[in-house]
Amino acid sequence: ASEVVDQLFPLFPDKKHYSDAGPDRCRTCAVVGNSGNLLGSNYGPLIDFHDFVMRTNKGPTEGYEKDVGSKTTHRIVYPESAVDLDNSTHLVLFPFKILDIQWLISAFTTRHITQTYTKVPSTIKANKDKVMILHPEFIRYVYDNWAERHDRYPSTGFLSLIFALHICDEVNVFGFGATSDGIWHHYFDKTLTSYEISVHAGRFENETINRLQQENKILMHKGWT
Ligand code: C5P
């Protein structure tokens, strides 16, 4: 593991991010999940109005601008969900395994890793100077303290939301939530999975998110379901 980390830091700039907190700063963030409740929402302009717009996994903007907006400041991915980015977007890797970090290095250098537990892109378009890697300890912290160790690991959206709570002053949440019958639908494709069978604790995550909303820590925009 330490060998991999030794390769990692020379490759990606080690800037201090987000250390400008203070009473004068109000950074607004939109965390955009991939729920089908975004369809028909007309949230696009509202989402784009935030300082940071964080999107997760493959959730596209092209063709869905009216409902999801077009700005992306942060794209949170793991290798299996990575997509090409434009030059201004931060690629934020949430590493779940050493191979995820090895893939990131490979994607920007040798391009030899094409397979993890499934096929992954050998390279991606992204600005190397904007790459960020979340410390794996943060995933552990979210799992232990926020997901209270429910199921196997927290979902990307849930991790992103907790991440946003730590770096933003105001967190607005879009595109979270299954249908009333527990179907985890996407705004951009037709695959439906029930979150009862997922590796994520969809139900528990939702309860936590609802509690954060009740405590006014976040503002949920529920769209149409
Ligand atoms: O499905 P995917 O993991 O790409 O979706 C990104 C995130 O959006 C999820 O991790 C989840 O937190 C959220 N989501 C949701 N309800 C859905 C679909 C996704 O809350 N129906």
Side-chain angles (χ1 to χ4, degrees), residues 29-41 43 47 50 52-64 67-69 72-85 89 91-97 100 116-121 124 134 138-139 142-143 146-148 150-166 168 171-213 217-225:
C29 297
V31 182
V32 187
N34 290 331
S35 168
N37 69 21
L38 285 166
L39 281 178
S41 68
Y43 282 154
I47 290 174
H50 292 77
F52 286 179
V53 178
M54 304 183 178
R55 300 185 195 273
T56 46
N57 300 336
K58 292 183 189 287
T61 53
E62 213 186 308
Y64 300 92
D67 293 331
V68 309
T72 308
T73 61
H74 297 72
R75 167 78 59 179
I76 291 139
V77 296
Y78 45 90
E80 295 80 9
S81 74
V83 288
D84 286 339
L85 308 182
T89 304
L91 179 144
V92 186
L93 179 80
F94 280 14
F96 288 91
K97 47 190 182 313
D100 293 350
T116 57
Y117 58 82
T118 177
K119 230 169 104 61
V120 293
I124 41 161
L134 196 84
F138 187 84
I139 299 178
V142 173
Y143 183 65
W146 292 89
E148 297 179 20
H150 281 71
D151 288 72
R152 283 177 46 204
Y153 50 92
S155 74
T156 316
F158 190 70
L159 280 165
S160 307
L161 196 158
I162 305 297
F163 175 58
L165 272 179
H166 287 73
C168 306
V171 177
N172 291 303
V173 181
F174 303 84
F176 279 63
T179 59
S180 50
D181 39 5
I183 303 292
W184 188 283
H185 55 332
H186 286 153
Y187 65 87
F188 54 87
D189 67 26
K190 300 239 171 325
T191 28
L192 301 174
T193 35
S194 161
Y195 63 30
E196 302 297 343
I197 56 161
S198 146
V199 292
H200 304 311
R203 203 171 288 276
F204 187 80
E205 289 187 357
N206 275 352
E207 283 165 18
T208 308
I209 293 170
N210 288 337
R211 183 166 57 78
L212 286 167
Q213 151 99 348
K217 305 285 190 230
I218 59 171
L219 187 61
M220 290 281 284
H221 299 264
K222 297 200 173 177
W224 309 105
T225 336

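All figures in this text were calculated on a predicted structure; none of them were measured in a lab. These numbers come from the heavy atoms of this one structure, side chains and all, not from hydrogens, waters or symmetry mates. Just follow the structure's listing: the first ligand is 1, and inside any ligand the first atom is 1.
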Can an N or O of [X] be found at a distance shorter than 3.5 Å from an N or O of ligand 1?
X	value
Gly177	yes
Glu205	no
Thr56	no
Gly33	no

Applying a 4.0 Å heavy-atom criterion (strictly less than), which segment of Lys58 is in contact with ligand 1: side chain, backbone, both, or neither?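 Neither; nothing of Lys58 gets under 4.0 Å from ligand 1.
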Any sub-3.5 Å donor-acceptor pair from Glu205's side-chain atoms to Pro154's backbone N or O? no
What atoms in ligand 1 come closer than 4.0 Å to a heavy atom of [X]?
X	result
His186	1 (O), 2 (P), 4 (O)
Ser155	10 (O), 11 (C), 12 (O)
His185	17 (C), 18 (C), 21 (N)
Asn57	2 (P), 3 (O), 4 (O)

List the steps, then state whether side-chain contact (heavy atoms from CB on, under 4.5 Å) holds for His50 with Asn172. CA-CA 9 Å; His50 292 77; Asn172 291 303; 2.8 Å; yes
Measuring centre to centre across the rings, with the benzene-like ring taken for any Trp, is Tyr153 within less than 6.0 Å of Phe96?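 Under 6.0 Å, so yes.
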Please tell me whether Tyr64 and Phe188 form a close aromatic pair, meaning their ring centres lie under 6.0 Å apart. no
Closest to atom 10 (O) of ligand 1 among Gly157, Pro154, Gly36, Ser160 (heavy-atom distance): Gly157
Among Trp184, Phe176, Phe158, closest by any non-hydrogen atom to atom 9 (C) of ligand 1: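 Heavy atom nearest to atom 9 (C) of ligand 1 belongs to Trp184.
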If I compare all heavy atoms of Tyr78 with all of Tyr117, which pair ends up nearest, and what's the gap? CE1-OH, 4.2 Å
In Å and rounded to the nearest 0.5 Å, what is the CG to OH distance from Asp67 to Tyr43?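 With rounding to 0.5 Å, CG (Asp67) is 10.0 Å from OH (Tyr43).
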Salt-bridge test for Glu148 and Arg211: reply yes if a basic N is under 4.0 Å from a carboxylate O, no otherwise. no
His221 and Phe174 aromatic ring geometry - parallel, tilted or perpendicular at 30°/60° bounds: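 Rings of Phe174 and His221: parallel, under 30°.
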